[in-house]
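Scroll down for the structure; my scribbles are underneath it.
FYI, side chains are in, hydrogens and waters are out, and symmetry mates aren't considered; it's all heavy atoms of this structure. Being a predicted model, the structure only gives us computed values, none of them experimental. Order of appearance sets the numbers: ligands from 1, and atoms from 1 within every ligand.
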Amino acid sequence: MNERNISRPLVPGTEESGQPLVELTHVEKHFGDLHVLKDINLTVGKGEVLVIVGPSGSGKSTMCRTINRLETIDSGVIRIDGQPLPEEGKELANLRAEVGMVFQSFNLFANKTILDNVTLAPIKVRHMDKKAAEDMAMDLLDRVGVASQASKMPSQLSGGQQQRVAIARALAMKPKVMLFDEPTSALDPEMVNEVLDVMVQLAREGMTMLCVTHEMGFARKVADKVVFMADGQILEQASPEEFFEHPQTDRAKDFLSKILTH
Ligand SMILES: Nc1ncnc2c1ncn2[C@@H]1O[C@H](COP(=O)(O)OP(=O)(O)OP(=O)(O)O)[C@@H](O)[C@H]1O
Ligand SMILES: [Mg+2]
């Protein structure tokens, strides 16, 4: 992380905080017979950081994926900044550009350089000119500490570096909200912190974030709310202190006893 300059912001200007930016209301989803999301109601205010935890198969990834419509829903409403999610077409593409997503697997374009990975969408979707897109990309790569890797191919970078590029690539679209789905769980332990550091910085700069993660230190440090899911339902929503010290449900107590003991 020695390349990184912490003092420079990743997020331009903080929007007025508190207003709902992402709202899920009575969201239901099935995969065939499996009822994977059950009456999900969730509000993320501007500038809020939510950490989503829960056992494997509880629907965390599916819920994240519905927010940029990588998955459809059966019923209910999802709004981003007050607008219901568009069904398809140009409006959907515009919406996707407003929701940045970082996955467990880095998902960089393997046959493009790091720089091209970051400039591709701004040029294609935002119609930025190449020079402006490259300047912005270099700035973002610098801020996540990988500017010196710009001309390399993804396979030449470590997992932690690739994941930081994935974050820079998402930020290049100037998203209103960032979704992280277990962004550090495929990384070697020594690389986890370099990615979490970037996420902490983003959170502190006022980015609205939904993070599925088992990194409880991160949750305690930056989460405004911890959301506990089990069997497709949200069972608890509380501040990190409340959730970790006083979980209300047996499912959450059981979950915490398992993850906090190793
Ligand atoms: N495309 C799909 N088709 C059918 N079933 C699916 C599909 N995607 C997920 N599921 C099922 O939906 C349930 C919820 O999956 P999901 O990936 O959302 O869970 P998760 O909480 O993210 O779990 P993990 O912690 O293991 O990542 C699981 O039972 C899973 O097998
Ligand atoms: Mg998952």
Worksheet entry | Distance filter under 4.0 Å to E182 heavy atoms, resulting ligand 1 atoms | 25 (O), 27 (O)
Response to the item:
Looking only at heavy atoms, the pair that brings C64 and L179 closest together is O-CD1, 3.4 Å
Fill in: Aromatic F31 / basic K29 pairing, under 6.0 angstrom, 45° off normal
yes
Fill in: Heavy-atom pair of closest approach, residues M199 and P183
SD-CG, 3.8 Å
Item to complete: Taking atom types as modelled, find out whether T249 and E236 have a side-chain donor-acceptor pair closer than 3.5 angstrom.
Response: yes
Worksheet item: Under the criterion side chain to side chain contact (heavy atoms under 4.5 Å, CB included), which of L37, I78, N41 is the partner of L24?
Response: I78
Worksheet item: Just to confirm, does any protein heavy atom lie below 4.0 Å from atom 31 (O) of ligand 1?
Response: no
Discussion item. Give me the residue, atom name and distance of the protein heavy atom closest to atom 21 (O) of ligand 1.
Written reply: K60 NZ, 2.8 Å
Discussion item. For atom 15 (O) of ligand 1, what is the closest protein heavy atom, and at what distance to 0.1 Å?
Written reply: T62 OG1, 3.8 Å
Worksheet entry | Atoms of protein origin (N, O or S) under 2.8 Å from the Mg ion (ligand 2) | S61 OG
Discussion item. Using the rule given for side-chain contact (heavy atoms from CB on, under 4.5 Å), can you reason through K221 versus L196, listing the C-alpha separation, both sets of side-chain angles and the distance that settles it, and then say yes or no?
Written reply: CA-CA 11 Å; K221 208 188 239 172; L196 290 177; over 6 Å; no
Worksheet item: Can you name the closest pair of heavy atoms from F243 and L256 and give their distance?
Response: O-CD1, 3.5 Å
Discussion item. So if I count the atoms of ligand 1 from 1 in the order they appear, which ones are less than 4.0 Å from some heavy atom of V36?
Written reply: 12 (O), 13 (C), 14 (C)
Fill in: side-chain contact (heavy atoms from CB on, under 4.5 Å) against D129, all qualifying residues, sequence neighbours excluded
K131, A132
Practice prompt. For atom 26 (O) of ligand 1, find the nearest protein heavy atom and state the residue, atom name and distance (0.1 Å precision).
Written response: S56 OG, 2.6 Å
Worksheet item: Taking the inter-plane angle between the rings of H35 and H30 on a 0 to 90° scale, is it parallel (under 30°), tilted (30 to 60°) or perpendicular (over 60°)?
Response: parallel
Worksheet item: Just which atoms of ligand 1 are under 4.0 Å from any heavy atom in S61?
Response: 17 (O), 18 (O), 20 (P), 22 (O), 27 (O)
Worksheet item: Polar-atom distance check: G59 versus ligand 1, any N or O pair below 3.5 Å?
Response: yes
Discussion item. Exactly one of K130, K174, M136, R169 should register a side chain to side chain contact (heavy atoms under 4.5 Å, CB included) with P122. Which one does?
Written reply: M136
Discussion item. Restricting to non-hydrogen atoms, name the atom on G47 and the atom on D224 that form the minimum distance, rounded to 0.1 Å.
Written reply: O-OD2, 4.0 Å
Worksheet item: Do any N or O atoms from the side chain of K60 and from the backbone of M229 form a donor-acceptor pair under 3.5 angstrom?
Response: no
Worksheet, complete the sentence: The protein heavy atom nearest to atom 9 (C) of ligand 1 is F31 CE1, 3.4 Å
Practice prompt. Check each atom of ligand 1 against the heavy atoms of P55 and keep those under 4.0 Å away; list them by number with element.
Written response: 21 (O)
Discussion item. Can you tell me which portion of L34 lies within the under-4.0 Å heavy-atom range of ligand 1? Options are side chain, backbone, both, or neither.
Written reply: side chain
Discussion item. Any nitrogen or oxygen of E71, side chain or backbone, less than 3.5 Å from one on ligand 1?
Written reply: no
Worksheet item: Can you tell me the protein heavy atom closest to atom 23 (O) of ligand 1 and the distance?
Response: G57 N, 2.8 Å
